Amino acid sequence: MTPMKDRESQLIRELETQRLEAQTRRHFLRTCATGMGAMFLSTMANRAFGSAELDFTRPAVSPLAALPPQFAAKARRVIYLHMAGGPSQLELFEHKPDLEKLNGQDCPQSFLAGKRFAFITGTPKMLGPQAQFHQAGKSGTWLSDRLPHLERCVDDLCFIRSMRTDQFNHAPAQLLMQTGSPRLGGGASLGSWVTYGLGTENQNLPGFIVLVSGGKTPDGGKSLWSSNFLPSVYQGVQCRAKGDPVLYLSNPAGVSRGLRREVLDAIEEADRQEHAALGDPETLTRIAQYEMAFRMQISASDAMDLRQEPPEMHAKYGTEVGKESFANNCLLARRLAERGVRFIQLYHWGWDSHGSTESEALNLGFHAQCRQVDQPIAALLEDLKGRGMLEDTLVVWGGEFGRTPMQENRGGQANKFIGRDHHPGAFTIWMAGGGVKPGFGYGETDAVGYDIVENPVEVRDLHATILHQLGFDHRKLNFRFQGLDQKITGVKPAKVIRDVLA
Amino acid sequence: MFFATADLELLRSGGMPSGRKIVSGLGVLSLLCLGGGCRRDAAPLATGGVAAPHQVAVDFNRDIRPLFNQHCVACHGGVKMSGKISFVFREEATRAGETGRITIKPGDPDHSELIARLTTRDPEKRMPPVDHGPALAEAQVALFRRWISEGAKWSEHWAFVGPKPQTVPALAPGSRAGPIDAFVLDRLAKERLQPSSEADRATLLRRLSLDLTGLPPTPAEMAAFLADSSPEAYLHQVDRLLESPQYGERWATLWLDLSRYADSRGYEKDLGRSVWPYRDWLIDALNQNMPYDRFVVEQVAGDLLPNPTFEQKIATGFHRQTQANDEGGTDDEEFRMLAVQDRAVTTWAVFNGVSFNCVQCHSHPYDPIRHQEYYRFLAFFNNTADADYFNNDFPTLHVPNRRADFVVARELEEQIRRLRQERVDAGQKLQGESGMWTSLKALSASAEPRATFELRDGEVYATGPAPSATVRYEIQAELPAGEVTAFRLEVPPLDPVKARHSPEPGFIVGEIEAAIVHADGREENVPWDSFWPDSPTWPVARQGIIRRMGTKSGVAPASAGPGTDAPAPKAPAKEPTFSDLPPGGFASIPSLYRTRWLVGVPAQTVAAESGARLRLRLQHSRGVDDFDKPTPVRRLRLAASSDTRWTRLAAATKSESHWVQMNQLEARLLAIPGTEVPVMEDLPSGEEREMRVFSRGNWLEKIGEPLMADVPALFPPLPAGAPRNRLTLARWLVAPGHPLTARVAVNRYWEQLFGTGLVETLEDFGSAGAAPSHPELLDWLALHFQNDLHWDVKALLRELVMTATYRQSARITPELLAKDPRNRLLARGPHNRLAAEMVRDQALVASGLLNPERHGPPVMPPQPDGVWATVYNSGNWIDATGPDRYRRALYTFWKRTSPYPSFVSFDTPARDVCALRRIPTNTPLQALVTLNDPVYHEAAQELARRMKREAPELPGQIAAGFRRVTSRDPRPEELKPLMKLHAQALERRLEETESSTKPDQIPPDVDALSAVAEALLNLDAALTK
């Protein structure tokens, strides 16, 4: 056993002894839902804090300790690829030949009555698909020619073409998609819920890691990975391409790892005196957290170091070491998944194809945008598959809403470039691996992709389905806050989409 | 096997369970006594404890309500009333449900459906249903039976009943403990626990200094205290710290969480917002020890106080911290309404500890607050003039940077307000006279670019899609033969009834031109003398809401007319000056919820012959939102008057001079260096919005009758006859007899000092929250705070920190850890981690870097590059290099979507919404901050230099540093590892120096001391108090 491991097990033993001493009324406390295991929190409220039913308590030294799922899980981890801005389903996955025929015609009034749009005013024109479609793979899935690499994986994908949301502005829609609430401060992030429920398999890395590309933080900001009312240990940790991969990870200039070890040893020895004097178990917990930080310095740097990947892997993903790109983030996602990180969230900004600028044009900037993600996503799926990891990794791809079959006419006049407005009423997402049906499509929209005609899927249904694959009944993964058992699926009824499960 | 008398009692009361099952039920029932929340002398029935429960009647709150809440109300409560049954209100529980059978028949358990359904063997009928949970234990059922037999007495949840006067427990003769200690000791005695002895003096002063000022004591302060042998030594420290100016900074931090203070607006763009004068107001109000009741009233309704001071208006910044959404394509009314809802919910949460959010969509799931009552309460907040304007916080107050300028600024504000009001009053009075107006029937309407119109009942309706944001309308209307002294334009909503609560899009008309088309076809322009608007809330041009204004307004010759011989006003360059139209034009922004009108008085009386027509051109200057979505006038009607008083009014008031004077005054006001600070301001009387219930919380669908503002019936009523406005509401919050305000306040101060509230759930005093650990003490404190201390916060804090309870040693014995791991019984002193702000401030104080400057705009201490990367926001974080680098934490720029990372690691909330409790965690990311954040590295190096200066020898140097971060001397066993560290670091450094060719900036011994300083800043003793 290494000295480090030794130190940790000693700490765990000490804490365990303390805990047992403290728990002469162990049964009483546990059933109170306080659970002594929640000891990493200085404050432990009883009914006010923690889940009403399931026990998410852990040893104090490792608040992210892995817990078994509630029932047998198909997926052990999630890689969520959020395309911020709302990618157009009509140029990617929704084959609508009738829309081509209607190109340039006035939008029927029935589409407009009672609807609210972000920018469309008056009567817009219908806009035909700005891409060619063909059938791909053994499944014969219709796919546009914008995603030639992804085409190789099409038989692994499970499409939901009937997603809908009730938010048509970016920040609220992204918040709804990632936290279950459209309001800043309304809900905890999906990744926070998952790490709260399952912990993580590698105690030397954060359990919920966020990777951002596209030059911008998504519209919802860092609130998208906030743990909100869940303890802050469950919030997403953003790893970055430039500077420290995790904020404050590296030692300050002039502090070597050897010196840091000596500093930590001195801290520990002094803290043990403090503990001897005061007897507060929090002190021992703190010693353990410092040890974990020391290990995280190595393990996080190691995980984020793309130089370790062979040239063929860089060629496959299209990565460049040191660059901030979606491709790099995809490769990092695989490295983090390998290391037992529970929830890996990617954001790629730049899908807001209004047509008001060239980069926002469906016939121009959209091409480049697709190229940025196409090869890396295919590489990620194939890489996971090749390592036997796709079966227990749930990959989710999608934006916060879709786009209208009408051309955007901001201010009553057609935009300078070709684009579509935000459309909350129908959009497409796909999932892969993690026990979903490969080569499958679910849900259907009308002939122009405007309304859902079959099997609508709410955002909360998607959340329920993701949690189900991880082994959770979404109704049971809850947390008592402000008098309510908070859940990511909220108070409206949510359902697991059983038809997409393998 | 024992049977307590209680169990026998239960058997007799009809349950007839077997003894074995009763015992199994006991374990479950012990759940009801949570977190030490139950009084020992009134333990819940059936716990089988030492109390003799057969002597005690069933208590609804203690014994029954928790059962309802735990097992029943999820389906039979305020949200779902499955089977038309609810256990939230007694009248609902005691009537027949859907089956027609009485749910609870008081006095008759055998005919109460509740009992039948709890005990039936039919799994289809049993409650709770099999898939929701196991059957209730027989002891629980027996409790229900007994309660119903005793009459099913209902009582309100403890927190909704006012605090009751308490008898202070008698103490042993000779005890010098005060009342607070008496309550604590009484409880400890019942638990057979001994209080701890007093902490050592160094620990005491550290605890006290950090608690009262957020800063550790300096070595000099510590030395003075240790040397003070007088009996009042501690008291003197308390008084010194309460009077220290840092006191206000420390306690403002709490209120910044509660008021959801941030320097940015939230959501996508998350643009900046200058609300920091509110933060400064907090610091000053707290330092001046403003009584809590006044503190509440000024924040909620300072603007409505008679002759409010500048400070009282700034105080209303409390409710202007709500988020705004500047994203393109948002519905401004939606986000205005969200802000209004946030204000209502925050008011309940902060001052009353009641979670009100859930009542938006349905009645409260647990507490007796009805759905409609949420909307009645919302009505208090629905009449402010603010809206979700793009990057604009109208209404704002121009707050001078120098306090000395407050008086003159206030005087100017008042003059402007008065002028505006005068102008409006004069026109409004005439406008409203009966018989004043003759309707002008519209004959034709056209637009450039083309638009579709309909003429109905003499009015113009723009029915087709809006062609452009800057569309120009041309209307022709009949003109009666005779003289016209004034024209009136009215813009009614398309649906005036609905618009009162669900407004339509507004409009901005920048130019209005009139002409007479004579019967012979000759056209004659009608120059305007003046316009008379319908509301003092408008014009709003100074606030910058209307931007990109149209060109010169109208063709009025009066633009350089009388009253303008005074020097030209120096209006802000961006705002064009109009002499004839009110600045900003004729506008309703962002929405239209009532008929708007504008009266135009021609420069000369118009004489029209029979057959002449009026031709009116309206030039829209832009759409109401920043993206210029076209929002032209949708409906318009015209009228004319022949009353000569209009002409006289125009002449007498030298009409346009109002605008000129206003411009001059505003220019003078804006010339005072200052900041535009968002404040609360109500719409003028007569312009109120209407409130109705939102169906299932959906703001787009309002139902039922108009609602008058009111408080829920559960609480004391508003004083009869008082106006239903925010001021009445604010005064109601702090009126004698309010059950919650004082309790919530004392509980919060208690939590800040002891780490856990007497009611642990600061955010929820309702029946789903935690029960108080010391209910009598809570009530005693609440009444004492209101009645004896007259809401004096410093006096309250003084009493709390003077208690022996607070001054106890925090040493935890294994016995105490076993018996009371969380210190709810208070047999030892508090020992808590420093708050995020204190972690930073302590490092700055210890190293001598702290810049103690108070007040002012937010600052940007170092933050890693690239943390800010907000879409559509060019704002940059620029690390401060001057003294602002070292300001106290509370001055750090607070961006909602990208909070200061090192604070987040130490559990600061995002402040998107009000944060009622920080839950401290202990994580590796915290260690990374205090070890590696350049802020702390810099502090460690400075501390090392200081250590070197403070003693000649190494042990003394380390001890000096140790004292600075932990406020005490190191124990020898603590000094040893630090000495060793120094030796190791020095050795490393010397090795490096030998192998390095670069000249060294930092001497090796200081470098080695830096390593020690780094360790010091990360000690458990440094991070706790």
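Excluded from the calculations below are hydrogen atoms, water molecules and symmetry mates; all remaining heavy atoms, backbone and side chain alike, are included. On a predicted model such as this, the values are computed, not experimentally measured, just so you know. Below, chain A is the first sequence line, B the second, and so on; all start at residue 1.
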B/Glu327 (side chain) donor-acceptor with A/Ala171 (main chain) under 3.5 angstrom: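 Side chain of B/Glu327 to backbone of A/Ala171, a donor-acceptor pair under 3.5 Å: yes, one is there.
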
Between [X] and [Y], what is the shortest heavy-atom contact and its length?
X: B/Ala1011; Y: A/Val263; value: O-CG2, 4.0 Å
X: B/Asp865; Y: A/Arg240; value: O-NH1, 2.8 Å
X: B/Leu978; Y: A/Ala266; value: CD2-CB, 4.4 Å
X: A/Phe119; Y: B/Gly328; value: CZ-C, 3.4 Å
X: B/Pro924; Y: A/Ala293; value: O-CB, 3.5 Å

Interface residue of largest heavy-atom contact number with chain A, from [options], under 4.5 Å:
options: B/Thr930, B/Asn1018, B/Val913; answer: B/Asn1018
options: B/Thr897, B/Asp1020, B/Val867, B/Val1012; answer: B/Asp1020
options: B/Asn69, B/Leu338, B/Asp331, B/Ile812; answer: B/Ile812
options: B/Arg828, B/Arg911, B/Met979, B/Glu973; answer: B/Glu973
options: B/Pro909, B/Ser902, B/Ala915; answer: B/Ser902
options: B/His937, B/Arg811, B/Arg260; answer: B/Arg811

Segment of [X] engaging chain B (4.5 angstrom heavy-atom cut-off):
X: A/Ser256; answer: side chain
X: A/Gln174; answer: neither
X: A/Ile120; answer: backbone
X: A/Leu64; answer: neither
X: A/Ala277; answer: both
X: A/Thr123; answer: both
X: A/Phe168; answer: side chain
X: A/Pro124; answer: neither
X: A/Val491; answer: neither
X: A/Val212; answer: neither

Value rounded to 0.5 Å, distance of [atom1] in [X] from [atom2] in [Y]:
X: B/Glu987; Y: A/Leu259; atom1: CD; atom2: CG; value: 11.5 Å
X: A/His170; Y: B/Thr330; atom1: NE2; atom2: OG1; value: 11.0 Å
X: A/Asp271; Y: B/Thr1024; atom1: CG; atom2: OG1; value: 9.0 Å
X: B/Tyr267; Y: A/Leu175; atom1: OH; atom2: CG; value: 7.0 Å
X: A/Gln297; Y: B/Leu931; atom1: CD; atom2: CG; value: 7.5 Å

Which atoms of [X] are under 4.5 Å from chain A, going by heavy atoms: the side chain, the backbone, both sets, or neither?
X: B/Glu334; answer: side chain
X: B/Asp1007; answer: neither
X: B/Ser767; answer: neither
X: B/Val904; answer: both
X: B/Gln984; answer: both
X: B/Phe962; answer: neither

Side chains of [X] and [Y] in contact at under 4.5 Å (non-hydrogen atoms):
X: B/Leu928; Y: A/Leu247; answer: no
X: A/Arg116; Y: B/Leu700; answer: yes
X: B/Pro977; Y: A/Ile267; answer: no
X: B/Pro934; Y: A/Tyr248; answer: yes

Verdict with reasoning, B/Leu925 to A/Met296, per side chain to side chain contact (heavy atoms under 4.5 Å, CB included): CA-CA 9 Å; B/Leu925 295 177; A/Met296 193 184 282; 4.2 Å; yes

Within 6.0 Å of CG in A/Asp166, more than 12 heavy atoms from elsewhere: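 Check passes, neighbour count above 12.
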
Going by distance alone, is a donor N or O of one side chain under 3.5 Å from an acceptor N or O of the other, for [X] and [Y]?
X: B/Asn932; Y: A/Arg260; value: yes
X: A/Lys222; Y: B/Ser898; value: yes
X: A/Glu282; Y: B/Asn922; value: yes

Most contacts with chain B, counted as non-hydrogen pairs under 4.5 angstrom, among A/Gly186, A/Ser227, A/Ser250: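 Heavy-atom pairs under 4.5 Å are most numerous for A/Ser250.
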
Options A/Ser226, A/Ala276, A/Gly243, A/Gly258, ranked by heavy-atom pairs under 4.5 Å with chain B, top entry: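 Greatest number of close heavy-atom pairs with chain B: A/Gly258.
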
Steps toward side chain to side chain contact (heavy atoms under 4.5 Å, CB included) verdict (B/Asp912, A/Arg183): CA-CA 9 Å; B/Asp912 295 325; A/Arg183 307 288 157 237; over 6 Å; no

Presence of salt bridge, A/Glu262 and B/Lys980, under 4.0 angstrom: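 Judged by the 4.0 Å cut-off on N to carboxylate O distance, B/Lys980 and A/Glu262 do not form a salt bridge.
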
Trace of the side chain to side chain contact (heavy atoms under 4.5 Å, CB included) decision for A/Tyr234 with B/Thr923: CA-CA 10 Å; A/Tyr234 301 114; B/Thr923 74; over 6 Å; no

Test side chain to side chain contact (heavy atoms under 4.5 Å, CB included) applied to B/Leu1019 and A/Glu274, step by step: CA-CA 9 Å; B/Leu1019 291 179; A/Glu274 179 78 348; over 6 Å; no

